Amino acid sequence: MAISQKVDIAIVGGGAAGLMAAGQAAKLLGDKGAVALLEGAPRVGKKLLATGNGRCNLTNLDAQDRWYHGDSALAKAVFSQFSPADVLREFESMGLYCQEEEQGRVYPKNGQASAVLDALRLFFQKYHGQEICDSPVTEVKKQKNGYLLSLAQGQSLWARKLILAQGGKASPQISSDQGVSLARQLGHSETQLFPGLVQVTVPAALVRSLKGVRCPGKVRFLADGHTVKEEEGEIQFTERGLSGVCVFQLSRFASEYASAHTVLGNPCQKAEIAVDLFPELSFPDVCDLIRNLSQLYPELPMRELLFGVLPKRVGQQVMVAALAEKAGDSAKNLTGPLMKTVAKTAKSWIFPVTGTLSWTNAQVTAGGIPVSEVWVPSMESRLSSGMYLAGEQLNVDGDCGGFNLHWAWISGMAAGRSAAMAIKEESHD
Ligand SMILES: Cc1cc2nc3c(=O)[nH]c(=O)nc-3n(C[C@H](O)[C@H](O)[C@H](O)COP(=O)(O)OP(=O)(O)OC[C@H]3O[C@@H](n4cnc5c(N)ncnc54)[C@H](O)[C@@H]3O)c2cc1C
């Protein structure tokens with residue numbers, strides 16, 4: 001495709017935020033404007049296709065700043081400007097219909113992430129937007145009335161307004177991990193980056209025998225013994241640690257601890273995950289349960305006693321964690337103090353946190369460009385006028401449940417509309 005040498009708006013990054021920004025800008029400018037979307041990969045939206053296990057959990061009906069971390073409080077005005085209903089309306093205007101599933105999670109009605117990408121692309125094309133793929137932008141220079149972009153193949157493109165939506169470092173095998181490289185050239189900084197929504201690692205000896213087992217429960221992240229956050233759901237035991245959505249929700253603290261020995265910016269000597277295998281039962285109820293089982297099967301080794309209430313290997317392992325070699329004794333020897341030890345372990349089974357799996361396994365980047373470096377809600381840079389920022393490259397990351405794409409859409413909508421409005425205003429001058 002021939003590249004227009006001059007455009008009104010250039011968007012760098014054809015991910016969720018960039019595609020949304022591009023469509024919004026092209027629609028607002030209509031026939032009078034030229035909008036180009038530059039993507040380094042051969043195709044736009046590759047990561048989108050992988051979201052929600054190919055189904056794309058594109059927003060959450062409860063999306064608001066309290067489900068986010070980093071500088072989310074500073075971004076409050078963006079969340080207020082665009083509600084989940086606004087996002088869904090926007091997608092409907094592109095021809096994409098959605099449905100709500102459990103916990104407010106929203107998916108395309110046809111269950112296909114590709115439909116979200118199709119909608120964004122068709123909408124952009126309808127307003128004559130130009131997609132330029134296989135064109136990583138390597139350099140950006142601010143000029144008097146715009147920006148000069150250098151592309152990898154030696155070409156260049158000049159734009160009156162620039163939107164950067166380069167994404168983060170998560171899953172580099174799906175999308176480039178150049179992060180804030182261009183924003184940095186224009187004077188922006190970035191906070192420390194951690195992998196988010198990723199498996200948490202613990203000493204392998206504690207979990208290896210449980211590899212592949214799933215069980216419902218509650219997980220608590222403890223920083224020096226104090227609960228930072230707790231979540232309930234399906235816990236997945238892996239060869240190296242703990243996984244599952246509920247564990248993902250705690251993982252940004254594990255990443256921060258592993259990289260900086262802090263949690264939420266506070267020094268932390270010891271990080272742990274406490275697993276409650278019986279969240280629906282009180283401690284006395286668990287004691288009663290164990291007593292009943294030991295009376296039912298007094299000759300059974302204690303290790304086997306929980307066979308009917310927990311996945312077999314989890315039941316065995318929690319008994320060993322609580323009783324060590326005594327777990328092999330018969331249940332008739334389960335005295336009151338031992339029973340309490342077992343109940344205590346089953347309600348709060350401690351796994352020391354060693355870190356997380358790498359960026360390759362992470363779904364999101366925690367950290368990024370401080371939101372204090374952009375005007376909110378326009379998303380225009382405070383350091384380089386006429387340049388706008390959107391998406392994961394900013395220091396806003398959400399919990400699992402459609403929150404990260406929601407942020408990509410709303411920050412993209414804000415940036416795309418602001419850039420187009422600025423062009424329109426200049427044209428009236
Ligand atoms: C496996 C997986 C599943 C996920 N599932 C969900 C989910 O169901 N719901 C949810 O809310 N979130 C989910 N997420 C998170 C969500 O996908 C991201 O937060 C979101 O896609 C971020 O959008 P973005 O546009 O900011 O960045 P990206 O989607 O990463 O897009 C950035 C784009 O910029 C391009 N780029 C970078 N630098 C340059 C350059 N110099 N020149 C040209 N192009 C460049 C990249 O190639 C990339 O295409 C998931 C993430 C992963 C990895």
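Both ligands and their constituent atoms are indexed starting at 1 by order of listing. Keep in mind the model is a prediction, meaning the values are calculated, not measured. Side-chain atoms are counted along with the backbone in the values below, which use heavy atoms only and exclude waters and symmetry mates. Position 1 is the first residue of the sequence; numbering continues from there.
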Which of the ligand 1 atoms, numbered from 1, are nearer than 4.0 Å to a heavy atom of F403: 11 (O)

Option passing side-chain hydrogen bond (donor to acceptor under 3.5 Å, both in side chains) with W67 (candidates N60, N404, D399, D62): D62

Mutual orientation of the aromatic rings belonging to F351 and F237 [parallel < 30°, tilted 30-60°, perpendicular > 60°]: tilted

N or O contact, E39 vs ligand 1, cut-off under 3.5 Å: yes

L182-ligand 1 polar pair, N/O distance under 3.5 Å: no

N or O contact, Q166 vs ligand 1, cut-off under 3.5 Å: yes

Atoms of ligand 1 close to E392 [distance to a heavy atom under 4.0 angstrom, numbered from 1]: 18 (C), 19 (O), 20 (C), 22 (C), 26 (O)

Distance filter under 4.0 Å to P136 heavy atoms, resulting ligand 1 atoms: 42 (N), 43 (C)

Q317 and W349 side chains, donor-acceptor separation under 3.5 Å: no

For atom 30 (O) of ligand 1, the option (of M20, H406, K47, K46) bearing the nearest heavy atom: K47

Numbered atoms and elements of ligand 1 in range of G167, under 4.0 angstrom, heavy atoms: 26 (O), 27 (O), 30 (O), 32 (C)

Min N/O separation A16 to ligand 1 under 3.5 Å: yes

Geometric N/O contact G391 with ligand 1, under 3.5 angstrom: no

May I have the list of side-chain donor-acceptor pairs in residues 267-279 shorter than 3.5 Å, sequence neighbours left out?
from	atom 1	to	atom 2	distance (Å)
D276	OD1	F278	N	2.9
D276	OD2	K347	NZ	3.0

Under 4.0 Å to a heavy atom of G52 - the qualifying atoms of ligand 1, by number: 5 (N), 6 (C), 7 (C), 8 (O)

V12: numbered ligand 1 atoms lying under 4.0 Å from its heavy atoms: 40 (C), 42 (N), 43 (C)

Beyond-backbone contact of P84 with V106, side-chain heavy atoms, under 4.5 angstrom: no

Residues that F248 engages under ring-ring contact (aromatic ring centres under 6.0 Å, His included), provided they are two or more places apart: none

Polar atom proximity, G168 to ligand 1 (N or O, under 3.5 Å): no

Close-contact set for ligand 1 against A165 heavy atoms, below 4.0 Å: 32 (C), 33 (C), 34 (O)

Close side-chain approach of V353 and V200, heavy atoms under 4.5 Å: yes

Donor + acceptor pair across side chains of T365, E392 (<3.5 Å): yes

Ligand 1 atoms in contact with N57 (distance to a heavy atom under 4.0 Å): 7 (C), 8 (O), 9 (N), 10 (C), 11 (O)

Side-chain ion pair, R417 and E90, N-O less than 4.0 Å: yes

Intermediate values then yes/no, side-chain contact (heavy atoms from CB on, under 4.5 Å), E426 and N145: CA-CA 11 Å; E426 284 174 12; N145 294 315; over 6 Å; no

